[in-house]
There are 2 protein chains.
Amino acid sequence: MSSQPGLRMTQQHRVILEEVRTADSHPAADELYERVRSRLPRLSLGTVYRNLELLCQQGLVQKIELAGSQRRFDGNVQAHYHIRCVRCGLVEDLPIQPPDGLEDAARAATDYEVTGHRLKFFGICPECKHEAHREPPR
Amino acid sequence: MSSQPGLRMTQQHRVILEEVRTADSHPAADELYERVRSRLPRLSLGTVYRNLELLCQQGLVQKIELAGSQRRFDGNVQAHYHIRCVRCGLVEDLPIQPPDGLEDAARAATDYEVTGHRLKFFGICPECKHEAHREPPR
DNA sequence: ATAACTGCAAACGTTTTGCCAGCAT
DNA sequence: ATGCTGGCAAAACGTTTGCAGTTAT
């Protein structure tokens, strides 16, 4: 891997990637920071952000954009959708197929050169359904 | 309108709503701040945020979440999708229908109580297609 | 009198940046 | 020697909050 000119695969780079990939939830930068710090205690938060940005550019990690709250990251770069619990903020993968002809419908409706889409569902996770009353995410 | 107990329709409230609705693009809070300030020069940015929050709660305005950049607001609260230009950041409405059975497919794939979804397309707007090289959004 | 709202400024949390040292090439 | 990278700390950014004064009920 890492074939771009002048790109070094450092320890930090590798460990951060490993941790995004092994995280069960879709971690935010500061959660990742904690996780990686247990392996590289001198790591700085700035480095986490810098490396996540690099990993995204290399297509090894995906940003999950949800403005207003924190950005989250996903080590699974296959096309897939997410569902987010509106109570606790948890984000999970949702293994469903892209609807047929979705982007074609978009192309028919606009002059944009359509390059992709993002589909996110909202709902209440099983745990929150049962724990009736909880603190909202933020 | 405005029938909740203890909710006042102030000048700021009304003008902010008018400006979200008349804005051609989907404005961010600070763009709105500028627009409204040309009509109410002493208005503060805090008031813009507070009123946008109220307007969202009343269902008169919709937040468009795109983390990493700013939050944007939409005076059109009908169900509709958006397309965003990956070069210049412009957000426009996209008048297509929700795919049939989309949320049902999600329900089948998860234990969440699915309450909604958000679908956003990405692409390159006609203007950017022609102006070949431009500054990226941020 | 009470409660809702405003302007202003300070505080907040997240992300980005500048700087200098270290290390791989 | 060069240049990418890291740690650290400061800055920047968008957003929220506390406060004191104002206005409508």
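Just so it is clear: chains get the letters A, B, ... in the order the sequence lines come, proteins before strands, and each one is counted from 1.
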Starting from [atom2] on [N], measure out to [atom1] on [X] and report it in whole angstrom.
X	N	atom1	atom2	answer
Glu31(A)	dT15(C)	CD	P	11 Å
Glu53(B)	dA4(C)	CD	P	16 Å
Ile64(B)	dG14(D)	CD1	P	17 Å

Within the sub-3.5 Å range, which N or O atoms of nucleotides 23-25 of chain D have a protein N or O partner, and how far apart are they?
| unit_1 | atom_1 | unit_2 | atom_2 | d |
| --- | --- | --- | --- | --- |
| dT23(D) | O2 | Arg8(B) | NH1 | 3.3 |

For this session: Look at all strands and tell whether Leu45(B) reaches a base, only sugar-phosphate, or nothing, counting heavy atoms closer than 4.0 Å.
Result: base
Which nucleotide, [options], lies nearest any side-chain atom of [X]?
X	options	value
Arg42(A)	dT15(C), dT5(D), dC8(D)	dC8(D)
Ala29(A)	dT15(C), dG14(D), dG7(C)	dT15(C)
Asn51(A)	dT15(C), dT15(D), dG6(D)	dG6(D)

Seminar exercise, completed: Quick note, salt bridge (Lys or Arg N to Asp or Glu O under 4.0 Å) partners involving residues 37-60 of chain A, not counting sequence neighbours, are Glu18(A)-Arg39(A), Glu19(A)-Arg39(A), Glu53(A)-Lys63(A)
For this session: Please name all residues satisfying ring-ring contact (aromatic ring centres under 6.0 Å, His included) with His82(B), sequence neighbours left out, ordered by chain then number.
Result: His26(B), His80(B)
Exercise. Taking only residues two or more places apart in sequence, or in another chain, which ones meet Tyr49(A) in a ring-ring contact (aromatic ring centres under 6.0 Å, His included)?
Worked result: none
Considering only distance and modelled atom types, tabulate donor-acceptor pairs under 3.5 Å from the side chains of residues 99-107 of chain B, sequence neighbours left out.
| unit_1 | atom_1 | unit_2 | atom_2 | d |
| --- | --- | --- | --- | --- |
| Glu103(B) | OE1 | Arg107(B) | NH2 | 3.3 |
| Glu103(B) | OE2 | His117(B) | ND1 | 2.8 |
| Asp104(B) | OD1 | Arg107(B) | NH1 | 3.0 |
| Arg107(B) | NH2 | Val114(B) | O | 3.2 |

Could you run down the sub-3.5 Å N/O contacts of the protein with nucleotides 18-20 of chain D?
| unit_1 | atom_1 | unit_2 | atom_2 | d |
| --- | --- | --- | --- | --- |
| dG18(D) | O6 | Arg50(B) | NH1 | 3.2 |

